[in-house]
There are 2 protein chains.
Amino acid sequence: MRIGELAKATGVDVETIRYYEKAQLLSAPTRSDNGYRAYTQAHLERLAFIRHCRALDIPLADVRRLLTFVDSPHSDCGEINHLVDAQLAKVRARLASMQALERQLMALRGLCLAPHAASECGILHELVAAAHGEACACHPRSKGSATLK
Amino acid sequence: MRIGELAKATGVDVETIRYYEKAQLLSAPTRSDNGYRAYTQAHLERLAFIRHCRALDIPLADVRRLLTFVDSPHSDCGEINHLVDAQLAKVRARLASMQALERQLMALRGLCLAPHAASECGILHELVAAAHGEACACHPRSKGSATLK
DNA sequence: TAGAATCTCTGGAGTGACTACAGGGTCAAG
DNA sequence: CTTGACCCTGTAGTCACTCCAGAGATTCTA
């Protein structure tokens, strides 16, 4: 199988496959007489594994660890659990901050509903106000007056 | 104000401030006799503005655009709305994929509750199964048998 | 006043995970 | 025989920082 076929079969870009080889995630395949990379079914499976992990946003360093487990079936899988747990925690933390971000942007967007002069734009005012340490729609002060007069 | 004081006042790292200067987001301040950067209140406000935008995950290129609006108060703010809307759409898209990701990882995690040999680890089986195009707990096949026998 | 700790400077390299070239070689179809 | 699709290597660019080396300036403590 040539690199283009492998790319099509797995949905991974050709350049990315070469990158994975250089990054030691995919072993270097044998070469045909013309110097083209010749991949086997084993490569395809390994690449699909990597792609699946990446779809789960698992960093390449962790994918590398997981691959060693695939290669040594008698080792203990405790670290695998740990790895997935860590990934889940990371995703959840990002999820929470994303949700806060969405709320902040919605509050900001609500300050300017129709276009007008920038000097009167609620959004710009809001962003500038942050510079003065005033309460803003995004990050209301927890204590004291959260309302601007 | 020296760079360290500015950093403390805004919560932006010293190196990041210098980076913003190089990236043309913050104008180069005058220098003291010893060559140290001497910042003004205007710099502080501008930096706070940038920081606030970054807290909203607005890319630096967009922050640069926003700063031109701050500098030209008579321009129309339509682009500001557009920019915030685009940011909101981006955050929402990421939010959705993050939520899917969380579900996938939870499904994966449920496959191995106690550590044992890697060869029998449900998580590893699952990740490897993806290589064969089989249905997996993360991405069940829409048609046909979604259950593994 | 000496020495140490802290601050500041510049320029350059490193991060993650690709992505995009430039400049060439190989191969099949028309 | 030329066109186009594919493949090769190596390098540089992306984003937004972050870290480092090696040097000079300032400030604190003994």
Side-chain angles (χ1 to χ4, degrees), chain A residues 1-26 28-40 43 46-47 49-67 83 86-87 90-91 94 97-98 101, chain B residues 1-26 28-39 43 46-67 83 86-87 90-91 94 97-98 101:
Chain A
M1 202 182 337
R2 296 197 310 193
I3 199 169
E5 298 169 70
L6 182 62
K8 200 170 274 178
T10 56
V12 177
D13 194 86
V14 165
E15 306 257 28
T16 305
I17 295 174
R18 284 197 280 253
Y19 168 75
Y20 285 162
E21 183 181 326
K22 204 161 45 176
Q24 314 250 53
L25 275 123
L26 207 53
T30 55
R31 300 291 181 122
S32 314
D33 292 348
N34 54 18
Y36 289 8
R37 287 172 179 82
Y39 292 98
T40 64
H43 284 105
R46 210 167 177 90
L47 185 54
F49 179 93
I50 296 169
R51 193 178 106 84
H52 194 62
C53 291
R54 289 297 300 138
L56 295 171
D57 210 23
I58 296 171
L60 288 185
D62 288 353
V63 176
R64 216 174 274 122
R65 290 289 302 134
L66 285 174
L67 282 169
L83 224 139
Q87 184 61 17
K90 215 170 67 183
V91 166
R94 266 197 277 176
S97 81
M98 277 283 172
L101 197 49
Chain B
M1 201 184 333
R2 296 197 311 194
I3 200 167
E5 298 169 70
L6 182 62
K8 200 170 273 178
T10 56
V12 177
D13 194 86
V14 165
E15 307 259 26
T16 305
I17 296 174
R18 283 196 281 254
Y19 168 75
Y20 285 161
E21 182 181 328
K22 206 162 41 177
Q24 313 251 53
L25 275 123
L26 209 54
T30 55
R31 299 291 182 121
S32 313
D33 293 348
N34 55 18
Y36 289 8
R37 289 171 178 82
Y39 292 98
H43 284 105
R46 209 168 179 89
L47 185 54
F49 178 94
I50 297 169
R51 193 178 106 84
H52 194 60
C53 291
R54 290 296 301 137
L56 294 172
D57 210 23
I58 296 171
L60 289 186
D62 289 352
V63 176
R64 218 175 271 122
R65 292 286 305 130
L66 285 174
L67 282 169
L83 223 138
Q87 184 62 16
K90 213 170 69 183
V91 166
R94 265 195 279 175
S97 80
M98 276 284 166
L101 197 50

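- Taking the nucleotide of DNA chain D with the nearest heavy atom to each of A:Glu5 and B:Arg18, the more 5' of the two is matched to A:Glu5.
- Here the side chain of B:Ile3 is nearest to one of D:dC8, C:dT8, D:dA16, namely C:dT8.
- Between A:Arg31 and D:dT9, a side-chain N or O to OP1/OP2 separation shorter than 4.0 Å is present.
- Atom C1' of nucleotide D:dC7 and atom CG of A:Leu6 are separated by 14 Å, given to the nearest angstrom.
- For A:Tyr19 against C:dG16, no side-chain N or O and base N or O form a donor-acceptor pair under 3.5 Å.
- Checking the phosphate oxygens (OP1, OP2) of D:dT18, a side-chain nitrogen or oxygen of B:Thr16 falls inside 4.0 Å.
- The backbone N or O of A:Ala23 lies less than 3.5 Å from a partner atom in the side chain of A:Arg64, making a donor-acceptor pair.
- Rounded to an integer number of Å, the gap from CG of B:Leu26 to P of D:dA16 is 16 Å.
- Using a 4.0 Å heavy-atom cutoff across all strands shown, B:Lys22 reaches no nucleic acid atom at all.
- A:Glu15 places its CD atom 12 Å from the P atom of D:dT9, with the value rounded to the nearest Å.
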*Report the C-alpha separation of A:Tyr19 and A:Leu25 in whole Å, then their side-chain angles, then the decisive distance to 0.1 Å, and conclude whether the side chain to side chain contact (heavy atoms under 4.5 Å, CB included) test is met.*
CA-CA 9 Å; A:Tyr19 168 75; A:Leu25 275 123; 5.7 Å; no
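- Comparing A:Asp33 and A:Tyr20 along DNA chain C, the residue whose closest nucleotide (by nearest heavy atom) sits nearer the 5' end is A:Tyr20.
- Judged by distance alone, the side chain of A:Arg2 and the main-chain N or O of A:Leu6 form no donor-acceptor pair under 3.5 Å.
- The listed nucleotides are C:dC21, C:dC18, D:dT26; the one nearest the side chain of A:Arg54 is C:dC18.
- Here the C1' atom of nucleotide D:dC7 and the CD1 atom of A:Ile17 are 12 Å apart, to the nearest Å.
- For the pair A:Arg37 CZ and C:dT26 P, the computed distance is 15 Å after rounding to whole Å.
- The distance between atom CG of B:Asn34 and atom P of C:dT6, rounded to the nearest whole Å, is 20 Å.
- Remark on DNA chain D: of its neighbouring residues B:Pro59 and A:Lys8, the 5'-side contact belongs to A:Lys8, judged by nearest-heavy-atom nucleotide.
- Here side chain to side chain donor-acceptor pair (under 3.5 Å) pairs that include residues 4-18 of chain B, with residues two or more places apart or in two chains, number zero.
- Using a distance-only test at 3.5 Å, with no hydrogens or angles considered, a donor-acceptor pair links the side chain of A:His43 to the main chain of A:Thr40.
- Contact between the side-chain N/O atoms of A:Arg2 and the OP1/OP2 oxygens of D:dA5 is not found at any separation under 4.0 Å.
- When distances are taken from the side chain of B:Tyr36 to each of C:dC21, D:dC7, C:dC7, the shortest belongs to C:dC7.
- For the pair B:Glu21 CD and D:dT18 P, the computed distance is 18 Å after rounding to whole Å.
- Across the protein-nucleic acid pair, B:Arg64 atom CZ and D:dA16 atom C1' stand 11 Å apart, rounded to whole Å.
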